[in-house]
Amino acid sequence: MTVRHDHWIDGKPAVPALGGYLPLRDPATRRAGDDVAAGSSHDVERAVAAAVAAQPAWARQPTLERSRILHRIADAIEAHAEEFAVLERSCTGKVETQLATEVAMSAAYFRYYAGVLPAFHGRTVDQGAGTLTYTRLEPFGVVGVITPWNLPLNQACRALAPALAAGNAVVAKPSEHTPLSTLFLARLASAAGLPDGVLDVVSGTGADAGTPLAAHPDVRRVAFTGSVPVGRHLAAVAADRLIPLTLELGGKSPLVVFADADLDRAVAAAVSALASNAGQVCSATTRLLVEESVHDEVVARIAERAERLVPGTDFGPMITEAQYDKVLDHFAKAGAEGAVPVCGGGAFDDGPAAQGQYIRPTVYARVEPDLGIAREEVFGPVLVTQPFTGEAEALALANDTPYGLVAHVWSGDTARGLRLAEGIEAGQISVNGGPLTIETPFGGFKQSGYGREKGFEALHEYTQAKTVSVGLSS
Ligand code: NAD
């Protein structure tokens with residue numbers, strides 16, 4: 001029986017004002033799933049009104065009280081991990097290990113911001129005798145959070161936890177393809193003690209619910225994760241309203257491997273970029289730049305392991321039908337431009353994986369840097385490789401992209417790795433597997449967007465500094 005999922009507004013389910021519902025679908029089987037409320041500007045209006053009413057009292061709560069409630073939300077996510085996994089799997093087809101990682105990390109966002117919030121505060125500015133000057137870090141009010149379908153719960157929590165910690169109320173608009181985990185999170189957050197209206201969720205399409213949210217006069221800030229074209233559109237909406245916006249957009253991130261690197265670990269990192277969420281990760285390192293003397297050996301090892309990856313166990317399907325078509329389109333264009341894959345290069349057309357939107361892990365080797373497949377974000381299990389000779393060429397190739405989200409460098413010479421880290425234009429650089437986690441600020445250079453999520457930096461994104469200066473002389 002098809003279940004209908006409503007919006008979550010003011011601490012309770014809300015039937016869509018226009019009465020419509022959108023169908024969900026399991027990409028692992030292409031079978032129909034539940035239905036979800038089709039949001040409209042009327043629903044956005046109700047959600048923003050609830051958030052506006054609830055926000056001042058939430059911001060006035062003692063910091064330790066907000067922290068306590070965030071800890072309780074983290075507890076609730078952990079306690080309901082299996083239900084989250086079931087909901088998320090039903091519309092993404094993700095594999096078990098991927099789901100477990102994402103749900104654990106979602107809880108960890110709330111845990112982290114609950115933990116650091118009491119240590120987050122303004123500063124005093126010493127201007128000399130007879131003055132007292134200090135800053136307060138105040139919330140914006142209502143924040144709109146618009147998220148995509150690739151890591152639905154995780155990306156929602158990445159924005160929600162710091163935004164709520166800082167004393168904002170949030171209206172979230174998850175992807176119309178994967179809204180169930182965000183709706184369930186809001187329900188659990190209410191049960192965990194988050195006051196009604198502080199977190200509201202309106203499901204629906206970007207045009208019908210997303211744009212009205214960003215354009216709403218009471219929304220004071222927007223956080224968007226998704227594609228470059230929609231990011232550009234929302235940046236225009238925000239510019240018109242003169243409100244700040246965080247944009248987490250795509251990437252075509254390099255994985256640079258020098259001949260003196262630990263090749264076992266570098267190969268494992270490349271295979272992981274193919275398999276993790278089937279490459280549907282904005283920070284996936286999909287351009288493999290390998291020093292010429294080891295290039296062919298590294299590519300052969302990756303291809304051999306890629307061919308052994310099992311669909312449904314090691315990696316999942318393309319989450320939307322449009323994304324599945326888009327990846328196949330990239331293959332067709334690459335073929336027309338003369339590129340021949342070393343492995344993969346198509347969908348699974350037999351066996352159980354043919355039932356779902358599974359794409360074969362694919363490697364294109366020695367790709368000319370100006371081909372579409374080398375420049376455009378594919379957002380699937382696809383790597384392109386390019387050989388280089390020497391550090392200068394490695395750096396030039398790494399930066400030869402309109403994007404700048406992350407880069408990974410592998411070298412036996414750590415100083416060389418650090419020189420690359422200094423020269424690469426990207427928001428996060430990992431040298432020899434250095435961890436990039438919730439504690440480390442994340443965000444783009446160039447077309448990958450602006451603003452920072454994660455770390456203390458995200459708390460600064462969701463607050464505005466106010467200076468108070470007092471003259472003490474009589
Ligand atoms: P998308 O930009 O179409 O959708 C993302 C979100 O924006 C969804 O909630 C969608 O409903 C909403 N949206 C769409 N059109 C809108 C509009 N006109 N106004 C307001 N909201 C709108 O992206 P997608 O196709 O769902 O995701 C795939 C792309 O997103 C990938 O190509 C990838 O580059 C990018 N992405 C980036 C990150 C990141 O963290 N940087 C994460 C995931 C996806």
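For ligands, and for the atoms within them, numbers begin at 1 and follow the listed sequence. Residue numbers start at 1 and run along the sequence shown.
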Under 3.5 Å, is there a donor-acceptor pair between the T320 and R25 side chains? no
Does the protein put a heavy atom under 4.0 Å from atom 41 (N) of ligand 1? yes
For atom 24 (P) of ligand 1, the closest protein heavy atom turns out to be W149 NE1, 3.2 Å
Taking only non-hydrogen atoms of E176 and a 4.0 Å limit, the atoms of ligand 1 in range are 10 (C), 11 (O)
So is N150 polar-close to ligand 1, meaning N/O to N/O under 3.5 Å? no
With heavy-atom distances below 4.0 Å as the criterion, list the atoms of ligand 1 near T225. 5 (C), 38 (C), 39 (C), 40 (O), 42 (C)
Compute the shortest N/O to N/O distance between F442 and ligand 1 and return yes if it is under 3.5 Å, no if not. no
Examine the proximity of ligand 1 to E376 and report which part, side chain or backbone, both or neither, has a heavy atom under 4.0 Å away. neither
Which ligand 1 atoms does I146 reach within 4.0 Å, using its non-hydrogen atoms? 6 (C), 7 (O), 9 (O), 12 (C)
All salt bridge (charged side-chain N to carboxylate O under 4.0 Å, His left out) counterparts of R375, not counting sequence neighbours: D400
Which is closest to atom 11 (O) of ligand 1 in terms of heavy atoms, H233, H177, K326, K173? K173
Side chain N150, main chain Q280, donor-acceptor under 3.5 Å: yes
With E461 as partner, the option from K454, R452, R221 fulfilling salt bridge (charged side-chain N to carboxylate O under 4.0 Å, His left out) is R221
Please determine if E376 and K252 form a salt bridge, counting it only when a charged side-chain N lies under 4.0 Å from a carboxylate O. no
Q323 N/O to ligand 1 N/O under 3.5 Å: no
Can you check whether L288 reaches V256 side chain to side chain, under 4.5 Å on heavy atoms? no
For Q155, the atoms of ligand 1 under 4.0 Å from one of its heavy atoms are 40 (O), 42 (C), 43 (C)
Between D43 and R46, is there a side-chain N and carboxylate O pair less than 4.0 Å apart? yes
Please tell me whether Q428 and T440 have a donor and an acceptor in their side chains that are separated by less than 3.5 angstrom. yes
Cation-pi check, K446 onto Y403 ring (under 6.0 Å, within 45° of axis): no
To the nearest 0.1 Å, how far is atom 35 (C) of ligand 1 from its closest protein heavy atom, and which atom is that? G226 O, 3.0 Å
Looking at E307 and R360, is any side-chain nitrogen of the basic one under 4.0 Å from a carboxylate oxygen of the acidic one? no
Under 4.0 Å between heavy atoms, the region of E377 that gets near ligand 1 turns out to be side chain
Answer with side chain, backbone, both or neither: which part of V230 has a heavy atom less than 4.0 angstrom from an atom of ligand 1? side chain
Tell me the contacting part of Q280 for ligand 1: side chain, backbone, both, or neither, using a 4.0 Å heavy-atom threshold, strictly below. neither
Option nearest atom 9 (O) of ligand 1 (shortest heavy-atom distance, choices V145, T178, T147): T147
Nearest heavy-atom approach of V202 to G39 is CG1-CA, 4.1 Å
Within a distance under 4.0 Å of any heavy atom of L234, pick out the atoms of ligand 1 and give their elements. 20 (C)
To atom 22 (C) of ligand 1, the nearest of G250, G206, G231 on a heavy-atom basis is G206
Does T313 reach the side chain of V95, with side-chain heavy atoms less than 4.5 Å apart? no
Quick look: L213 vs ligand 1, heavy-atom contacts under 4.0 Å, and the answer is neither
Rounded to the nearest 0.5 Å, how far does OG1 of T92 lie from CG of L24? 11.5 Å
Just need the protein heavy atom nearest to atom 44 (C) of ligand 1, so name the residue and atom and give the distance. F379 CZ, 3.4 Å
Contact check: T205 vs ligand 1, nitrogen or oxygen atoms, below 3.5 angstrom: no
Relative to each other, are the rings of H80 and F184 parallel, tilted or perpendicular (30° and 60° limits)? perpendicular
Please could you name the atoms of ligand 1 that G210 approaches to less than 4.0 Å, counting only its heavy atoms? 20 (C), 21 (N)
Proximity of R158 to ligand 1 by residue part, where a heavy atom lies under 4.0 Å: side chain
Would you say T211 has any N or O atom under 3.5 Å from an N or O of ligand 1, going by distance alone? yes
Parallel, tilted or perpendicular, judged at 30° and 60°: which one describes the rings of F315 and F348? tilted
Starting from atom 2 (O) of ligand 1, what is the nearest protein heavy atom, named by residue and atom, and what distance separates them? S227 OG, 2.6 Å
Could you check atom 7 (O) of ligand 1 against the protein and tell me its nearest heavy-atom contact, residue, atom and distance included? F224 CE1, 3.2 Å
Mode of L249 contact toward ligand 1 - side chain, backbone, both, neither (heavy atoms, under 4.0 Å): backbone
When you measure from the centre of the six-membered ring of Y109, is the NZ or CZ of R158 under 6.0 Å away and within 45° of the axis? no
Using a strict 4.0 Å cut-off to heavy atoms of C282, name the atoms of ligand 1 that fall inside it. 37 (C), 38 (C), 39 (C), 40 (O), 41 (N), 42 (C)
